[in-house]
Amino acid sequence: MIRTLLVANRGEIARRIFATCRALGVTTVAVHSDADADAPFVAEADLAVRLPGNTPAETYLRIDLVLDAARRAGADAVHPGYGFLAENADFAAAVTDAGLTWVGPPAKAIAAMGDKMAAKALLADAGVPMLPTWTEADQVTGFPVLVKAAAGGGGRGMRVVRDAAGLAEAVAGARREAAAAFGDGTVFIERYVERGRHVEVQIFGDTHGTVVALGVRDCSIQRRHQKIVEEAPGVLPPEVRERLHEAAVAAGRAVDYVGAATVEFLLAPDGEVHFLEMNTRLQVEHPVTEAVTGWDLVRLQLLVAEGEPLPLTATPPADGHAIEVRLCAEDPAQGFRPATGVLHRFTIPGVAGEFTPTKGLRLDSGVVDGSAVSVHYDSMLAKLVAWAPTRAEAARALAGALARAELHGVATNRDLLVRVLRSREFGAAEADTSFLERHEEVFAPLLAADQLPLVALAAALAGAAGRRAAAPVLAGLPSGWRNVPAFPQVTRFAGPGGEIEVRYRLDRTGTLADWSVSPAAGSTDQDGPAAGGDAAPDVTVVEAAADRVVLDVDGTRRAFRVHRVGAEVFVDGPDGAASLTELPRFPLPTAELAAGSLLAPLPGAVTRVHVEVGQRVTAGDLLLTLEAMKLEHPVLAPTDGVVAELPVPAGGQVDTGAVLAVVTEEDPR
């Protein structure tokens, strides 16, 4: 029987496993990097062991350090979570050789499925349907194709190629990304199915020969080949569901599988099913299966690892419907590049439970208020899951909770998720893997541009109220009061569309006499928010406090929640949220950047420099490649010109805002 379990992973999955361990009376051990020393999962563990360093290669991927941590903490079992070492056959073997219980499949099963090309051959012999696949670019017959990493998962190292001209570069790029993410740059190429659906079957095996399917999930909503919305049960014809169950169980039996696994398939528009891969671990999206089956999958993992038989021998019926979204630290204004920073507030209303099977709203989060989101790890902050009796109710509840969430300090993909959940195509269960490519409208922020003036006004009123409340003298005067009321209050913010200026005037009774919001003087955004004069809506201030402003707008009350951290002002309203930065009235002079400077959008490392100083480039040319949070980010020439400076060599580390290159109209030399 397992008494002390070390989790060889971090973040929300470590917290998830700890939750089940607490319920079962199992002592928990966390391992952590220096960057994670203050993370919630470390604080929640019964014991914690430091792995010196910050990057995964220095810490979480070091098998020797993890096993030493298990020895020091007195652990008798190891759970790999998912990612990092979860699909490393050498790690599984090393844990077993050390006399510890391995909570996962046998090393030979991991090895068999870890080599995706060998896995395809093995499972094809077992009758599992396959897509045409090639190992070399010159073998490809017909396009489009998908270049994929042979190791790992999570969409890393994937490239869609639609013609022969782009195949060589796609293979090279996929190899670089796969090597960086998994330490293995091997790739292969398979036929790409247009308008396919990504469906998968959760299976479980035990040491007594039982392999059972726990239902089908649909994970078709993807960006960069990474899942962002998952649901169970997948909306499928009964005969297709049965074929998927049979193929998945056949895959598990082909390798004598033990533990939790996910067998992933592509469902073509014509109804044909094609095997993609078998992930020999617990998946990120396992909570939706837990929600509709009622089974705690981590508990099942522990029971199977202890040699117990599975307590079920057939696919359980699905109860209701569950939908999960992956809330990630990504900046929509920067093309959804990973974002970093301090999460000043992380609040989601209506959560009924965390980390274990829950009816209603479930939150599995790796962060809390004050958590630092660093560049070293994946960008996922949390998973939010909604269960309801019907699919429509689950989608509505999940979208509503996300829309009302307070997510302050780090940009996220929240607005995108809400728009997907509320879209007609998703509601009709018609979405496929190209959904986001066909629906640009879901990338628009929830807060429309014409609502930003009211948000800015609320921020200005809250700021004035906060200063008034903190005033050591004349505290009885109303917020915003002036001895000469003819002159307006003026507050300037940096906002989503550039700098904006709020002007408002209160009469001697404290009533809002007039107001306006417009691009600030000198701002380059001449098409930004504007409201004022005769065009402004009729606004009455119902309430104005430092953290809450209520405005009556043309007869309808609108409440805004305001949270200020230094100069940053976070406003959550009925139509969406916005982050503003209050600008100083008398700004200090700053150094000017050279014209044509390209700045790093986030911290990272320059992996490749593709041009030389003095080289002429055209708009869109690839200048260099920046790697951050396990992804490659191309830096492109913004205009035609000459490369004047390349201050960061390949391998150089940069912070946000660092100059990566300078492109000028003429060669300065």
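When reading the values below, keep in mind they use all heavy atoms of this one structure, side chains included, and skip hydrogens, waters and symmetry mates.
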| field | Value rounded to 0.5 Å, distance of CZ in Arg15 from CG in Leu363 | value | 8.0 Å
| message | To check you understand the geometry: which heavy-atom pair defines the closest contact between Trp387 and Ala291, and what is its length? | response | CD1-O, 3.6 Å
| task | Anything under 30° is parallel, anything over 60° is perpendicular, the rest tilted; go ahead and classify Phe570 against His563. | result | tilted
| task | Apply the test side chain to side chain contact (heavy atoms under 4.5 Å, CB included) to residues Tyr257 and Met113: give CA-CA distance (whole Å), side-chain angles for both, the deciding distance (0.1 Å), then the verdict. | result | CA-CA 10 Å; Tyr257 199 80; Met113 294 298 102; 5.8 Å; no
| query | What do the steps show when you test Gln226 against Met158 for side chain to side chain contact (heavy atoms under 4.5 Å, CB included), and what is the final call? | reply | CA-CA 10 Å; Gln226 291 182 294; Met158 283 192 183; over 6 Å; no
| query | For Leu297, does its backbone N or O pair with a side-chain atom of Glu290 as donor and acceptor, under 3.5 Å? | reply | yes
| Between atom OG1 of Thr356 and atom CG of Asp296, what is the distance when rounded to the nearest 0.5 Å? | 6.5 Å
| query | Got a donor-acceptor contact below 3.5 angstrom from the Arg414 side chain to the Ala405 backbone? | reply | yes
| request: Return yes if some donor-acceptor pair links the side-chain N/O of Arg281 with the main-chain N/O of Gly104 below 3.5 Å, else return no. | output: no
| query | Does Lys383 come within less than 4.0 Å of Glu285, counting only side-chain N to carboxylate O? | reply | no
| request: Count the heavy atoms of every other residue, nucleotide or ligand shown that sit under 6.0 Å from CE of Met117, and state whether that count exceeds 12. | output: yes
| request: With sequence neighbours excluded, tell me which residues meet side chain to side chain contact (heavy atoms under 4.5 Å, CB included) with Ser33. | output: Ala35, Asp36, Thr59, Tyr60, Tyr377
| query | Has the side chain of Asn413 got a donor or acceptor atom that lies under 3.5 Å from a matching backbone atom of Arg326? | reply | yes
| query | Can you name the nearest heavy-atom pair linking Pro357 to Arg362, along with the distance? | reply | N-NH1, 3.6 Å
| query | Taking side chain as C-beta onward, heavy atoms only, is Pro287 less than 4.5 Å from Asp364? | reply | yes
| task | Report yes if the side chains of Arg62 and Leu51 come closer than 4.5 Å at any heavy-atom pair, otherwise no. | result | no
| request: Please step through side chain to side chain contact (heavy atoms under 4.5 Å, CB included) for the pair Gln222 and Leu436, ending with a clear verdict. | output: CA-CA 7 Å; Gln222 302 179 7; Leu436 293 182; over 6 Å; no
| field | Sidechain-backbone polar pair: Asn9 side chain, Ala14 backbone, donor-acceptor under 3.5 Å | value | no
| Do Val298 and Cys21 come within less than 4.5 Å of each other through their side chains, counting heavy atoms only? | no
| query | Shortest non-hydrogen contact from Val29 to Ala73? | reply | CG1-CB, 3.7 Å
| request: Can you tell me which residue pairs pass the ring pair (Phe, Tyr, Trp, His ring centres under 6.0 Å) test with a partner in residues 14-50, sequence neighbours excluded? | output: none
| query | Are side-chain heavy atoms of Leu267 and Leu244 found at a separation under 4.5 Å? | reply | no
| request: Would you sort out whether Val7 and Thr28 count as a side chain to side chain contact (heavy atoms under 4.5 Å, CB included), showing the intermediate values? | output: CA-CA 8 Å; Val7 177; Thr28 57; over 6 Å; no
| field | Whether Ser371 side chain and Val368 backbone form a donor-acceptor pair below 3.5 Å | value | yes
| query | Within the side chain of His408, is there an N or O that forms a donor-acceptor pair under 3.5 Å with the backbone of Arg564? | reply | no
| said: Using modelled atom types and a 3.5 Å cut-off, is there a donor and acceptor pairing between side-chain atoms of Asp547 and backbone atoms of Val562? | reply: no
| task | Using only heavy-atom distances, determine whether the side chains of Gln301 and Arg299 contain a donor-acceptor pair under 3.5 Å. | result | no
| Can any side-chain N or O of Glu231 pair as donor or acceptor with the backbone N or O of Asp218 at less than 3.5 Å? | no
| message | How long is the straight-line distance from CD of Glu393 back to CD1 of Ile323, given to the nearest 0.5 Å? | response | 11.0 Å
| said: Just verifying a value: how many Å separate Thr340 OG1 and Asp331 CG, rounded to the nearest 0.5 Å? | reply: 10.0 Å
| query | Got more than 12 heavy atoms from elsewhere within 6.0 Å of CG, Asp369? | reply | yes
| message | Contact between Arg71 and Leu67 at the side-chain level, heavy atoms closer than 4.5 Å - yes or no? | response | no
| Can you tell me how far the CD1 atom of Ile228 sits from the CD atom of Glu324, to the nearest 0.5 Å? | 11.5 Å
| request: Taking the side chain as every heavy atom from C-beta outward, state whether Thr262 and His286 have any atom pair closer than 4.5 Å. | output: no
| Candidates Arg217, Gln202, Glu200 - the one meeting side chain to side chain donor-acceptor pair (under 3.5 Å) with Thr289 | Arg217
| When you look at CZ of Arg22, are more than 12 heavy atoms from neighbouring residues, nucleotides or ligands closer to it than 6.0 Å? | yes
| task | Check whether any side-chain heavy atom of Thr280 sits under 4.5 Å from a side-chain heavy atom of Val255, and report yes or no. | result | no
| When rounded to the nearest 0.5 angstrom, what distance separates CG in Leu407 from CD1 in Ile348? | 6.0 Å
| request: Of all the heavy-atom pairs spanning Gly320 and Pro233, show the shortest one and how long it is. | output: O-CD, 3.6 Å
| For Ala260 against Leu282, the heavy-atom pair lying closest together | CB-CD1, 4.1 Å
| task | Measure across Gly350 and Leu361 and return the closest heavy-atom pair with its distance rounded to 0.1 Å. | result | O-CB, 3.5 Å
| message | I'd like to know if the side chain of Asp76 and the backbone of Leu100 have a donor-acceptor N/O pair within less than 3.5 Å. | response | no
| Quick one: do Lys359 and Asp319 make a salt bridge, cutoff under 4.0 Å? | yes
| query | Do Val49 and Leu6 touch side chain to side chain, with heavy atoms closer than 4.5 Å? | reply | no
